[in-house]
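The structure appears below as structure tokens.
When a ligand or atom number is given, it counts from 1 through the structure's own listing order.
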Amino acid sequence: MTRTPVNVTVTGAAGQIGYALLFRIASGHLLGPDVPVKLRLLEIPQAVKAAEGTAMELDDCAFPLLKGIDIFDNPADGFAGANIALLVGARPRTAGMERGDLLSANGGIFKPQGEAINAGAADDIKVLVVGNPANTNALIAQQHAPDVPAERFTAMTRLDHNRAISQLAQKTGAAVGDIAKLTIWGNHSATQYPDIFHAEIAGKNAAETVNDEAWLADTFIPTVAKRGAAIIEARGASSAASAANAAIDHVHTWVNGTAAGDWTSMGVVSDGSYDVPAGLISSFPVTCKDGKWEIVQGLAVNEFSRGRIDASVRELAEERDAVRELGLI
Ligand SMILES: NC(=O)c1ccc[n+]([C@@H]2O[C@H](COP(=O)([O-])OP(=O)(O)OC[C@H]3O[C@@H](n4cnc5c(N)ncnc54)[C@H](O)[C@@H]3O)[C@@H](O)[C@H]2O)c1
Ligand SMILES: O=C(O)C[C@H](O)C(=O)O
């Protein structure tokens, strides 16, 4: 049976994450080896020519699953009929820019994109926001798409999740595949909280296995939370291939489900679980099944974790209040 191709819109397609992402989507890593895709690349007018160059390279790969590439310079056309939308393009922070300026500049991008998704995306649209500040950009887009169920808007903390697994594997000598139930809570920022108290290494509790609270507080958490800045310092540019890989992981898990006995981390609209104010887009432990996510319930939150979750959630609330004051939501 021939499947109808899935329309995947990628914004910021000519950027560095876009370049690392598009070839993996086209080769079947996003949705699976049997799912044909059509790519819809959205860029600003000045970058359309570069996106055309990437499209030429995609053609040159002769990917059997790639059924078409269209390039747009406006959100209305870019999101028309989209089943999956990866919102990567964003305004980076430049020297001297205050947080309010950054939120305002990104509001100018994510408000019209939310409106365009509301107006023209497919009924089953799923949105992943990668562009920073990812959680608050997702909130802005979601608030401007009132006809789309709020749970379809998510923000990426899978890169943080993967980073934390890798750090824990290096500390313990475990295989990454043996690590499960790790959680990133809160914001995709330096306040995020990578939590190993419920994590397991080959079925054994990770925090008990590590048994080193000083390492947890002084090495593990800051290393994971500041990894983005460390990559920028080392590479002279922000993470690209690992960010693209995490975006692939996020959507693949959302669509195809979490493994039995495991969960993942996603920035999702809070329903008030774990005392995170309802409506904020915060990272939680989630399971996915049949294309839907659910927050893992009933985890005990100790004092160590509580203060760190609260601090990151406070930052999210401040960002929400700032974009509200700017009239962006
Ligand atoms: N959530 C995460 O874990 C994570 C990780 C890494 C990077 N990021 C963020 O992802 C974003 C993209 O990173 P990059 O390295 O690809 O940046 P980049 O500067 O290389 O590319 C961004 C692209 O977005 C395009 N763009 C800007 N405004 C647009 C708009 N309104 N519509 C469509 N396209 C637009 C630009 O023309 C550019 O081609 C940044 O905000 C970065 O901070 C997030
Ligand atoms: O682009 C950044 O500021 C860093 C990025 O979000 C990352 O976590 O690598």
Review point. Should Asp310 and Arg306 be marked as a salt bridge (Lys or Arg N to Asp or Glu O under 4.0 Å) after you check the CA-CA gap, both sets of side-chain angles, and the distance that decides it?
Key: CA-CA 6 Å; Asp310 289 348; Arg306 187 73 260 171; 2.9 Å; yes
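Salt bridge Lys171/Asp212: present, at least one basic N to carboxylate O contact under 4.0 Å. Between Glu115 and Lys111, at least one side-chain N (NZ, or NE/NH1/NH2) sits under 4.0 Å from a carboxylate O, which counts as a salt bridge.
Each of the atoms 5 (C), 6 (O), 7 (C), 8 (O) of ligand 2 lies under 4.0 Å from some heavy atom of His188. For ligand 2, the atoms sitting less than 4.0 Å from at least one non-hydrogen atom of Ser239 are 7 (C), 9 (O), numbered in the order shown with element in parentheses. Taking a cut-off of under 4.0 Å to the non-hydrogen atoms of Arg163, the atoms of ligand 2 that pass are 7 (C), 8 (O), 9 (O).
Contacts of Asn132 with ligand 2, taken as heavy-atom pairs under 4.0 Å, involve the side chain alone.
With distances taken over non-hydrogen atoms, the option nearest atom 4 (C) of ligand 2 out of Gly228, Pro133, Ala90 is Gly228.
In this structure, a donor-acceptor pair under 3.5 Å is absent between the side chains of Arg227 and Ser239. Between the side chains of Thr136 and Arg320, no donor-acceptor pair of N or O atoms lies under 3.5 Å.
A heavy-atom separation below 4.0 Å is not found between Lys226 and ligand 2.
Among protein residues, Gly12, Ala14, Gly15, Gln16, Ile17, Leu42, Glu43, Ile44, Ala47, Val88, Gly89, Ala90, Ile109, Gln113, Val130, Gly131, Asn132, Met156, Leu159, His188, Ser238, Ser239, Ala243 come within 4.0 Å of ligand 1, judged on heavy atoms.
For the pair Val296 and Leu299, the minimum side-chain heavy-atom distance is below 4.5 Å.
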List, one per line, each side-chain donor-acceptor pair under 3.5 Å for residues 75-82, sequence neighbours excluded.
unit_1: Asp77; atom_1: OD2; unit_2: Asn74; atom_2: ND2; d: 3.0

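Note on ring orientation: taking the six-membered ring where Trp is involved, the planes of Tyr274 and Trp185 are perpendicular (angle over 60°, cut-offs 30° and 60°).
When Thr183, Thr287, Thr258 are each tested for a side-chain hydrogen bond (donor to acceptor under 3.5 Å, both in side chains) with Trp263, only one passes: Thr183.
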